Every structure is written in structure tokens, then in C-alpha cells.
Amino acid sequence: MPAVEEVVREVNSLPKEKLTEEIKKYEFIEKKEKRTELPELANAENVVLRFAPNPSGPLHIGHCRAAILNDEYAKRYKGKFILRLEDTDPARVDPQAYDAILHDLEWLGVSIHEIAIQSDRLDIYYEHAKKLIEIDAAYVCTCPQEEFRKLRNRSIACKCREISAEENLKRFAKMFRERKEGEAVVRVKTDLKLPDPAMRDFIILRITDEPHPRVNRRVYPLYNFSVAVDDHLMNVTHVLRGKDHIINTRKQEFIYDYFGWKKPEFIHYGLLKIEGLELSTSLMAKGIKEGIYSDWSDVRLGTLLAMKRRGIQPEAIRRAMLDVGIKDTDISFSWKNLYAYNGEIIEPKANRYFFVPSPRELLVEGCADKTALAPLHPDFPERGKRKLEIKAREGKTRIYISQQDFDALKEGEVVRLMEAFNVEILRVDNKAFAKFHSEALEEARRRRAKLIQWVPEENAKVRVIAPEGMIEGLGEVNLKNLRAGGIVQFERFGFVRVDEAGKDELVVYFAHK
RNA sequence: GCCCCGGUGGUGUAGUCCGGCCAAUCAUGCAGCCCUUUCGAGGCUGUGACUCGGGUUCAAAUCCCGACCGGGGCACCA
């Protein structure tokens, strides 16, 4: 193609400056990853958002969507982000959770600008309940639960509903003094003809004798009441939460309407189906108490503490959540995707080491002492190499390979011990016997020999903790120099985070392949 | 049972409001090849989806109806 050659010659002959100049004339379409952004928020002015967990335990993966999406929007619109701890059910409060949640959010990279605790605000709720009673929008109901339910299901008002506001105020005051748990509640008047019975005159305040770890009170607001009051008082502009709150939103709107408050934008995202790990805070707490789980960071739990321990990076979680977005369809959360994102982050950082799970012996004859040198990271030679020493006695040595590789051995086959040499398999019993075959990698390549990791007689005991169970094995001695907290890759095995180092046995947590 | 939502490849997502530029985007997964002393990373190629049936329309992933499927709510929990 003479024309092409001519052009090439011409271009190549241009001086560098001229070339750069020419290049500027063309527009290059950069192959950029088009990551879908979250949609814009409606009325995004003076944005105030909030994350409102119940402090019953540390956060788990299920909380991340609310925490991260709200945080993301707060950052985008330079708005305020409030953490509100909703501890109005004394029975479901874990005193340690207040701090735990804060730490979890910090780890997640969520920026909190203000913290509110509902148990500090009980008087505010009482005040507002009183106001509702005064305007005849709420009443104290002393009907037994069952009885009220029967009436409500038939759209019939109970006798308490007809009582005057004045009288109700007295009954309200009584709730704080002589009334016992279960004897009286405050209901808001909605509409007894509402198609959904749950919406009819729902409860906003109740009495419970359950002790609260932070306050000494008996009357507590119910979720929909305290949330509506707080969201308004805190100037929350956008309420971003799960679809399971749709009914709550409708209930809260009654409160807004009675007070004549401007409503925030309500956005409901779909439910996240997360399989594999335990996510129920109460079941987790129970399991820990019973000794089934070690603590909140047990790998079988879906807590952030557990994920952190396994070496899952908060940035990976954020990306997974951003990926999922705010759509209102229910979805299955994919651990695979999360692991893929996590791998992208940790792969360049994680140095490589040999580890053989369920080790089996391989006796090699006809070999000399050998110092194998393997790179800490194949893509970063500047990090240096690690040493594995093979000591031979009368030309024989003992090394360990994984059960899986052991099972695949065939007589007469040549396999390469990575970074060392090739051996020919002689015999496989409960141990494998082999003889030195050759040194060169090229030889292994030519024979399409398997390349397997191994450890010499001098090695380190390793225990791998994974959600599926524990795996014991042997690793190279260099592992003993690692510090807790580091993330490494066990070649052909997966990424692990070093949890306990410096002892006889190294304990690592398995992240993923 | 009663009240609500929602259904795009294995998974997630864009597009649906305002029908045509969508024989449908991107990511991840999976498969193959190249490269590589890891089954890692990287490169290239490929696979694969509008739940179904009607209707409206010149034209439907997009609008309407129905079916089916999935989810939620029906607490003195949040």
C-alpha cells in the first residue's frame, strides 16, 4: 500500500512540535468508563438530609444504601447531613451502638455534620402531641388494643375519639402519672374510612416500663410521630429511604398537614435482597450472646465490622451502593459485584505469598539446595522479592502442596513448583514422590506443566477464616513478618487480610478470590 | 384476605415521565484468545435482556388494559 507508506513517511518526518500541534486538531474519544450518576434531586436547594438508624447494634451492609446515598447527595449539593439516632423503643436500644454507629460511618467515609438523639428530645414530642390534642387532631385512647382493632376494622370510632380536647388534655397529663403500661395511648385522628386499616387513627405516643439506657421516662413517641416532628424541626428537605417506608410516609403526612408544615421530598428506593450473611441485628445480638458468633465482627455476619475485618474496602461498598442507585425496584444485591470492585482496589496493593490449604507432602529426590526468589508483586518489581529456602539432605527434600493440587497429580507428569524448578511425579500414595526434572521455566511451558504454589519444610502455620468456615494450611515463612491489618494475596487462593500476626499461627480473614 | 409498589441479559444499571435517533447503555460475571513463573493483573474478542398476551399508533422497552411473577405494608418496632 504505497499511499499508506507515503503518509507514514510524511508524518514521521515532521518535527515533534509540528506533530503535537497537528494532534491537537483531532479530537480523541477517550475510552472512559461511563458510570451512571445518581439522578438529580427535585428542589435541591439548602439540602438537608438525614440518616436515622435505630441504635440496636452496629451497622450492617443493609444500612449502607441509606447512609451512602444520602451522604452522596449531601456532598453533591453541599448540603447538611444529620445522623439521628432513633432510640424511642427502650427495648431495642444497645447502649454501645451509639458509638459503634459513629465509628462505622466514619469508616464508610460518610460525613456527618450534626448528631441528634431522640431520647434527648422527648419533651419536644410531648409538646407537639399536646398541640395536636389542643386542636382536636389527636386524642388519648384507653381502649384495650383488641377492642380498638375490631372497631377500627369496621371503620367505627371508639368512645375516646369523641371526648373533648379539654378533657383529653387532662387524660394526656394522666398518662405521665398514674397510667400503667398499655393502659393509654395517644392516637392521631386520620380518617376511619381510609382503605388501609393500618392508617386509621394510628398511635403516636405510648407508655412502656422498659428501662431506657439514657433516660428515665415512661412515655415514648412512636416512629411516625417523632420522625415527622424531627424532620420538620431539623429542616430536612429530602427523605431518602426504602420502599418499606411508603406507608410511614403517608402516616407522617397527616402530621405535616395538621401542623401545616411544608413537606420534604420523599424518595423511596427498592428493597435490597442480600443473601448469604446474617443481617438481622436482633438475631446477631442473640447469636453473640449465645456464643454462636464470636462478636459483631464474626465473618458470618453482614456487619461493616466483619467486612472491614475481611479486607473489604469502604470505597468498594460505596461504589456498589452507587451502582444500585435509588431505583424503586427490588433487587438482589450481588456480593460478586462488590468483590469485583474490592479486588480492583486491593489488587495493586496486595503483595503475593504462597499458601497451601490442607497441605500434603511431596518428597522430591535428586535436588540440591535452592533459594527461590519470587516477586512480592508481579506488576511492581521495585517492591522486591521474597525468599523461599529449600534445604536438601542427600539430594532429598520435603515440600508441601495443597490437597487440591495433590489430588490432581498423575504419575509421570511434570509439574512446576513456582519460582523454583520442575519435578516429575513418580508415585502418589498418602504422600507424593517425585524427582527433580529440570530447572527452566521454558521446559515447564513447553510441556504445558501446571504451575503450583508450594512451601518448604520451614514454613508458617496459617489459619484462614472465611464466612463458609475455617481453612488451615501452611504458608511461606515470610508471612511471619507481616503485620496485622495488611491485605495480601495468597497466590491461586485469594485475597486475605492479616488479622493476627506475630504468634505461632498466623490468622487471616478471607476476603474473596 | 385487605391495601400499596415494581418487573430491561447471570447480577446491577441507563433509557420509560415528554413513543421514533434503542436491531437497547455501562459495569460486573461468564467464555475464548493473547500476554504473564498465580486460576491474579493487563489486552482483545465474544455471549447474553425489554415477563407474557391484547389494545392505541404510521411507529411502543416507553402509553392503556389484563394475566403472571416478585416485593412491601396491615404493631402500644424502627
Side-chain angles (χ1 to χ4, degrees), chain A residues 32-37 39 52-56 85-93 118 141 144-145 148-149 152-153 181-187 194-200 202-208 219-224 226-227 241-248 250-251 268 270-273 281-282 319-325 327-341 343-344 346-348 350 352-354 372-375 377-380 404 416-422 440-442 444-445 449-453 489-495 513:
Chain A
K32 214 176 347 180
E33 204 176 279
K34 203 174 84 189
R35 214 168 280 173
T36 341
E37 291 228 333
N54 165 249
S56 56
L85 295 154
E86 308 206 320
D87 56 349
T88 53
D89 179 10
R92 296 210 317 170
V93 174
Q118 288 190 320
C141 178
Q145 211 180 131
F148 180 87
R149 192 173 300 162
R152 170 249 253 158
N153 287 346
E181 176 173 316
E183 275 186 1
V185 294
V186 179
R187 293 182 180 277
L194 250 21
D196 186 349
M199 302 275 298
R200 299 172 192 163
F202 62 88
I203 298 172
I204 57 174
L205 240 46
R206 63 158 177 161
I207 301 169
T208 175
V219 178
Y220 291 91
L222 257 54
Y223 177 77
N224 285 303
S226 48
V227 163
R241 59 184 173 193
K243 231 166 55 168
D244 47 330
H245 285 291
I246 286 178
I247 288 273
N248 292 326
R250 283 194 221 139
K251 287 185 176 178
H268 300 106
L271 261 49
L272 214 52
K273 245 182 295 176
T281 307
S282 56
R319 185 170 160 201
M321 290 304 157
L322 255 29
D323 226 10
V324 162
K327 239 175 60 156
D328 56 357
T329 46
D330 301 337
I331 56 167
S332 322
F333 176 77
S334 161
W335 290 100
K336 261 190 174 174
N337 287 6
L338 174 66
Y339 294 158
Y341 301 152
E344 231 168 81
I346 64 176
E347 193 278 334
R352 272 50 169 177
Y353 292 95
F354 285 164
L373 289 172
H377 195 301
D379 301 331
F380 303 97
Q404 205 185 347
R416 179 168 184 82
L417 303 175
M418 285 170 65
E419 310 285 358
F421 47 73
N422 310 318
L441 170 67
E442 289 67 35
R445 280 272 151 78
K450 272 181 297 194
L451 277 64
I452 62 172
Q453 84 279 22
Q489 188 200 52
F490 285 166
E491 296 204 34
R492 303 209 305 142
F493 182 80
F495 294 98
K513 196 84 178 116

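Just so it is clear, the structure is predicted and the values come from calculations on it, not from any experiment. The sequence lines fix the lettering, A, B, ..., with proteins before strands; numbering per chain opens at 1.
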*Report the C-alpha distance between A:D323 and A:Y341 in whole Å, list the side-chain angles of each, state the deciding distance to 0.1 Å, and finish with yes or no for side-chain hydrogen bond (donor to acceptor under 3.5 Å, both in side chains).*
CA-CA 11 Å; A:D323 226 10; A:Y341 301 152; 2.2 Å; yes
*Taking it one step at a time, do A:D330 and A:K243 satisfy salt bridge (charged side-chain N to carboxylate O under 4.0 Å, His left out)?*
CA-CA 9 Å; A:D330 301 337; A:K243 231 166 55 168; 3.2 Å; yes
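For the C1' atom pair drawn from B:A61 and B:G7, the interatomic distance equals 12 Å after rounding to whole Å. The C1' atoms of B:U56 and B:C69 are separated by 26 Å, rounded to the nearest whole Å. Remark: the separation of the P atoms in B:G29 and B:G42 is 9 Å, to the nearest Å. For the C1' atom pair drawn from B:G70 and B:G48, the interatomic distance equals 22 Å after rounding to whole Å. A gap of 24 Å separates the P atoms of B:U38 and B:U45, to the nearest Å. Taking atom C1' in both B:A14 and B:U28, one finds a spacing of 15 Å when rounded to whole Å. Remark: the separation of the C1' atoms in B:G9 and B:C5 is 24 Å, to the nearest Å. Straight-line distance between the C1' atoms of B:U57 and B:G46: roughly 38 Å, to the nearest whole Å.
The partner of B:C2, taking Watson-Crick or G-U wobble pairs whose two distances both stay under 3.5 Å, is B:G73. Nucleotide B:A23 is matched to nothing when pairs are restricted to Watson-Crick or G-U wobble geometry with both distances under 3.5 angstrom. The partner of B:C18 cannot be assigned: no Watson-Crick or G-U wobble pair with both contacts below 3.5 Å exists in any strand. B:C30 is paired with B:G46 under the criterion used here, namely a Watson-Crick or G-U wobble arrangement in which both key atom distances are under 3.5 Å. In a base pair of the Watson-Crick type (N1 to N3 plus N6-O4 or O6-N4) or a G-U wobble (N1-O2 and O6-N3), with each distance short of 3.5 Å, B:G9 is matched with no nucleotide. Using the Watson-Crick or G-U wobble rule with both distances under 3.5 Å, B:C63 pairs with B:G55.
Contact check, A:S56 against B:A78: no side-chain N or O comes under 4.0 Å of OP1 or OP2. Contact annotation: A:Q453 does not reach the phosphate of B:U38 (side-chain N/O to OP1 or OP2, under 4.0 Å). In this structure, A:R241 does not reach the B:A78 phosphate: none of its side-chain N or O atoms is under 4.0 Å from OP1 or OP2. Residue A:T329 has no polar side-chain atom (N or O) positioned under 4.0 Å from OP1 or OP2 of B:G71. Residue A:K327 has no polar side-chain atom (N or O) positioned under 4.0 Å from OP1 or OP2 of B:G6.
Rounded to an integer number of Å, the gap from CG of A:D244 to P of B:C4 is 18 Å. Counting to the nearest Å, the C1' atom of B:G40 and the CZ atom of A:F354 are 12 Å from each other. At whole-Å resolution of the value, CG in A:D330 and P in B:C5 are 14 Å apart. Separating the NE2 atom of A:H245 from the C1' atom of B:G6 is a distance of 18 Å, rounded to the nearest angstrom. Between the CG atom of A:L194 and the P atom of B:C3 there is a distance of 13 Å, rounded to whole Å. Atom NZ of A:K251 is separated from atom C1' of B:A78 by 12 Å (rounded to the nearest Å). Atom P of nucleotide B:C4 and atom CG of A:D196 are separated by 8 Å, given to the nearest angstrom. The distance between atom CZ of A:R250 and atom C1' of B:C74, rounded to the nearest whole Å, is 12 Å.
The closest donor-acceptor contact from the side chain of A:D328 to the backbone of A:H268 lies at 3.5 Å or more, if one exists at all. The backbone N or O of A:A440 lies less than 3.5 Å from a partner atom in the side chain of A:N422, making a donor-acceptor pair. Although no hydrogens or angles enter the test, the distance criterion places no donor-acceptor pair under 3.5 Å between the side chain of A:R187 and the main chain of A:V185. In this structure, A:R200 contributes its side chain and A:L194 its backbone to a donor-acceptor pair below 3.5 Å.
Considering only the side chain of A:K243, B:C5 comes nearest among B:C5, B:U28, B:A78. Distances were taken from every side-chain heavy atom of A:R92 (C-beta onward) to each of B:U37, B:A78, B:C76; the shortest belongs to B:A78. Of the candidate nucleotides B:C76, B:U28, B:G72, B:U28 has the atom nearest to the side chain of A:Y341. Here B:G12 is the nucleotide among B:G12, B:C76, B:A78 with the atom lying nearest to any side-chain atom of A:D323. Comparing B:U38, B:A78, B:G6 by their closest approach to the side chain of A:L451 singles out B:U38. Among the nucleotides B:G71, B:C5, B:U11, the one closest to any side-chain atom of A:S334 is B:U11. Here the nucleotide nearest the side chain of A:P195, chosen from B:G12, B:U38, B:C3, is B:C3.
As judged by a 4.0 angstrom heavy-atom cut-off over every strand, A:L205 is placed among residues making no nucleic acid contact. Using a 4.0 Å heavy-atom distance criterion, A:R445 is classed as a sugar-phosphate-only contact. Among the protein residues, A:L271 comes within range of the sugar-phosphate backbone only, with heavy atoms under 4.0 Å from sugar or phosphate atoms but none that close to a base. At a threshold of 4.0 angstrom between heavy atoms, the contacts of A:V185 include nucleobase atoms, whether or not backbone atoms are also involved. Using a 4.0 Å heavy-atom criterion, one finds that A:T88 contacts the sugar-phosphate atoms exclusively. If you check every strand for non-hydrogen atoms under 4.0 Å, A:P39 touches nothing. Base engagement by A:P378 is indicated by at least one non-hydrogen atom pair under 4.0 Å involving a base atom. Nucleic acid contact class of A:N248 (heavy atoms, under 4.0 Å, all strands): base.
Between A:E491 and A:A320, the residue whose closest nucleotide on RNA chain B is further toward the 5' end is A:A320. Ranked by how close their nearest RNA chain B nucleotide is to the 5' end, A:G325 and A:A340 are led by A:G325.
Under the 30°/60° scheme for interplanar angles, the aromatic rings of A:H377 and A:F380 are found to stand perpendicular.
Side-chain atoms of A:D379 come within donor-acceptor range of the base of B:G40, with a qualifying N/O pair under 3.5 Å. Residue-to-nucleotide contacts include no donor-acceptor pair under 3.5 Å from the side chain of A:D87 to the base of B:A78. A donor-acceptor contact under 3.5 Å is formed by the side chain of A:N337 with the base of B:U11.
One finds the CE atom of A:M321 at 13.5 Å from the CZ atom of A:R319 (value rounded to the nearest 0.5 Å).
In A:Q404, the CD atom is not crowded: 12 or fewer heavy atoms of neighbouring residues, nucleotides or ligands sit closer than 6.0 Å.
A salt bridge is defined here as a Lys NZ or Arg NE, NH1 or NH2 lying under 4.0 Å from an Asp or Glu carboxylate O, and A:R92 with A:E86 fails to meet this definition.
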